[in-house]
Each structure stands twice: as structure tokens, then as C-alpha cells.
2 protein chains.
Amino acid sequence: MAVQGKTKHEVLSAFRTAEILGAARKVFAEKGFNDATMDQIAEAGGLSKGTVYLYFPSKRDVYLAALMHGAQELGILTAQRMAAVEGFRAKIRAFFQTRLQYLEENRDFFQIYHSEFGNIMHPVALCQDFRDLYLKNLVAFESLLKEGMEAGEIRASNLPTIASAIYDMAKGTMMRRLIGPTGTSVDEDVETLTDLAWKGISN
Amino acid sequence: MAVQGKTKHEVLSAFRTAEILGAARKVFAEKGFNDATMDQIAEAGGLSKGTVYLYFPSKRDVYLAALMHGAQELGILTAQRMAAVEGFRAKIRAFFQTRLQYLEENRDFFQIYHSEFGNIMHPVALCQDFRDLYLKNLVAFESLLKEGMEAGEIRASNLPTIASAIYDMAKGTMMRRLIGPTGTSVDEDVETLTDLAWKGISN
DNA sequence: CGATTTTCTGACTCGTCAGTCATTATGGCC
DNA sequence: GGCCATAATGACTGACGAGTCAGAAAATCG
């Protein structure tokens, strides 16, 4: 029994949930929230619509789960990679590197991630949690810049605006890479962005 | 007859069209494309649904017209303001200034504008024209940077990536200002961004 | 191998809306 | 006013898709 402390039921449930989320990611990425149907998700996951509803109460919940799963992973990964290197230039570089690389490995997820930003300012409707996570990560990044400022590596300036701008350099570059081929490699883009950002903020 | 060379019909038609677009902008901004209904748009414009269909063939066309109208205006305005000043730092500053200011004056439009970016990589579906316009403006901006590079004001680097990054600083800052109060004034943000970008790219 | 419980299924319901069109209002003109 | 043309209306239709649930299938067990 002590094996993972999981009942058979829990294992099966986790398995199905993962199966559904994988399918959902694919379908939502391709069609967007509104044009994706539960039947398509079920089909992509090789099960029936009824089964999907056994594991998720609504379409929105499936979407949310797919979105938040990736967003949390990305946030954690980014924080880890930044923490793992010394010096603020290297941290900024790690920031870009992690995100652009994660993009290449999770294109489906980023279709969803980026389109969600389109809705982030709407009535709250679709996803307060996502918005909160975004703002949380942004604030964390801002604190990091503040440390850099106090350490004298980064020049004094309006940190919230700066933090947001750097975040958005990454986001925009990712979008551009999603739309189509860019003629630049990930590494090139990482260097270019790091350079731009670092020259922009360093003392 | 020579008055504007317009028939009565044309005048009325232009009037109704503008009326509908104004209402559409408001409703689409508030609800997003999918959750906005034609009845709501008609009501907001003080006319009936049938009338809307006399001037636009479909919901998507109303949306497109609202989107493209603002996007074109913004593109033209930005280009003009940049052309009107001397020196590349000033041009970059004008770029940020124009956009952030236009945001304050056209919040409804920007709700639509930004959410459209969420769809920009999808099946093409919603708006090839918008995508094309975006890329056109981006390329134009890139050319401007190239001039700056050739003039020795801007250091050599990967221009497409740089241009995109600067565009996205503006876009992201606008989004942040749309989501909620930021504690910074437009002018502060303009200075901060100009500084960041200019230090990032200048020689 | 039944009996019983758990899991799955997909045809069905029911609300919603884009788009239509027969009917009504408006206004210009003699 | 009476006639016609043009503009506007809003009840209606048809499609679609989220969510349901009665029953089928599969797993578990004695």
C-alpha cells in the first residue's frame, strides 16, 4: 500500500488527467479557446466527451489547467535558472535563454500562453489566477533587479517599468518566433536581447 | 453637388458606418470578439441588428473594420511623429510617446488591438490583414534603425530582433497600463523606456 | 462464472446567436 | 395629402456546441 501512498484510483485519475491535458494543449493551441470543442479534445485524447467531463467540470477548467500547468513550470524553471548563476548580467541572460528554449520545446503551450495575454485585461473572466501568477513573477523579477541596483550593478531607474519591458522583450521575441521563421537562432536572439537589456540597465 | 462630391446616400452611409464602428469598439473592448453579440453592438449604437447588417456583411467584418481603422491610424501617426524629429534617440522617444499617448486616448481600441495579438499566430483565421500591417510596420521600424546604424548612431546588432524587442517594450508597457494603475505617469514611462532602449542600442 | 461496482460512452437536450427577410417607418417629391 | 423609394426593424431560423445521463462495457471479487 505504501507505494507512493496512492490508491489505484488516484493513479488512474492522474493518468487520465495528464492524457486530457496533453490533448487539450494541442487542440487549444491550434484553435484557440473558443473554436476548440470538447469533442475535438476528447478525440485527440482518444476518449469520449463524457469521460473528459468525469475529470474536469467544464471546458474552462480544462483550459485553465493546461494553461496554469505550463505557466507555473515556466515560472519555476526561470527562477531556478536565474538563481543558479552569479552576476546580474548572467541572470538576465538566463532569463531570456530559459524562456526562448522552453518555447522551442513547448510550442503548443505558448500558443495558449500568448493568446491568454490577449484576454488578461478583459473582465477578469477567463483567468484571474493566470493574471495573478503573471504579476507575481513580474514582481519577483523586479525584486531581483532591485538587488542589482542596490549592488550597484544596475543603474537607478523606474524598476516596475524596466522589469515589465524586459519581460516583454522576451514575450515579443517568442511571439515572433512562433509566427514564423525568423532567420535567427535561439542563441543569437538570447545574445542580442541580453545585450540590449544589459546595456540598457547596467551602470 | 460638388460639395465634397458626395451623394446623400454616401454621407448617410459614412455616418452609420462610423456610428456602428464606435459602438463596436466599445462592445468588443469590453467583451472580446466571441462574447460580444451583434445585438449588443446594435444596441450600443442605438440601432437594430438588421441595420448593422445593412452596412457590414458579418460580425467578423465589423470587428476587422474596428481593428484595422485604429491600427492604421496608429501606424501612420507613429511614422509621422518619428519623421518629424531629428536624431535617432528622439525618434525612439517619439515612438514610445506616440503610442503611450494614443493608448490613453483610445483605451477601447487597445483592448481590441492587444487581444488580437493573442490570435495573430492562429490559423490566420481572424486577420491576415492585421498580421500583415503589423509586420509592415515592424519592417519599417527596422529600416529606420538601419539608417541609424549606417549613420553610426546605433551600434551594429541583429536589427530584426532589436526592432521587435523595442516594439514589444511599448506593447507590454501599454498592456500593463491597461490592466490597472501603474503608479507612473505616461511621461515617466516614456523617459524610462527611451533610456532603456537608447542605452541598449546606441553606440 | 455471475454479481456488483467502477469507468466509459455518445446520443440527446437546451440555450445561444449569427445572419435573414417580410414588414413597417421615414422622407422626398409632385 | 398621396405616392414611391429608400432605410430600418426585430421576430424568426438554423447551426452549433457545452454539458447531461441512461445505459454499455470493463474491471473486481466471491
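Chain letters run A, B, ... following the sequence lines, proteins first and then strands; every chain starts at 1. Just so it is clear, the model here is predicted, and its values are computed rather than measured.
Distance, B:Leu54 CG to D:dT6 P: 14 Å, rounded to whole Å. Between A:Asn34 atom CG and C:dA18 atom C1' the separation is 14 Å, expressed in whole Å. For the pair A:Lys59 NZ and D:dG17 P, the interatomic distance rounds to 9 Å; values are reported in whole Å. Atom pair B:Tyr53:OH and D:dG10:C1' shows a separation of 13 Å (rounding to whole Å applied). Computed from coordinates, the B:Tyr55 OH to D:dA8 C1' distance equals 8 Å when rounded to whole Å.
Between A:Glu73 and A:Tyr102 there is a side-chain heavy-atom pair separated by less than 4.5 Å. At a threshold of 4.5 Å between non-hydrogen side-chain atoms, the residues A:Val85 and A:Gln97 do not count as touching.
Between B:Tyr134 and B:Phe130, the distance separating the two ring centers is not shorter than 6.0 angstrom.
When heavy atoms are screened at a 4.0 angstrom cut-off, A:Phe56 is found touching no nucleic acid atom at all.
Residue B:Ser48 places no side-chain N or O under 4.0 Å from the OP1 or OP2 atom of D:dA8. Side-chain N/O atoms of B:Arg16 include one lying less than 4.0 angstrom from OP1 or OP2 on D:dA8.
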Any N/O pairs under 3.5 Å between the protein and nucleotides 22-28 of chain D? List them or say none.
unit_1 : atom_1 : unit_2 : atom_2 : d
D:dT28 : OP1    : A:Lys8 : NZ     : 3.2

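Residue side chain A:Lys49 reaches the base of D:dG19 through a donor-acceptor N/O pair under 3.5 Å, judged by distance alone.
A cation-pi arrangement is found for B:Lys59 relative to B:Phe33, the charged atom lying closer than 6.0 Å to the ring centre and inside a 45° cone about the ring normal. Seen from the ring of A:Tyr167, B:Arg176 does not count as a face-on cation partner, given the 6.0 Å and 45° thresholds. Within the cation-pi definition used here (under 6.0 Å to the ring centroid, within 45° of the axis), B:Lys91 does not qualify as a partner of B:Phe141.
The aromatic rings of B:Phe109 and B:Tyr113 sit tilted, their planes meeting at an angle between 30° and 60°.
Taken residue by residue, residues 37-46 of chain A places heavy atoms nearer than 4.0 Å to DNA chain D at A:Thr37, A:Met38.
No donor-acceptor distance shorter than 3.5 angstrom exists from the side chain of B:Arg25 to the backbone of B:Tyr63, with no hydrogens or angles considered.
Atom CD1 in B:Ile179 sits 6.0 Å away from atom CG in A:Leu135 (nearest 0.5 Å).
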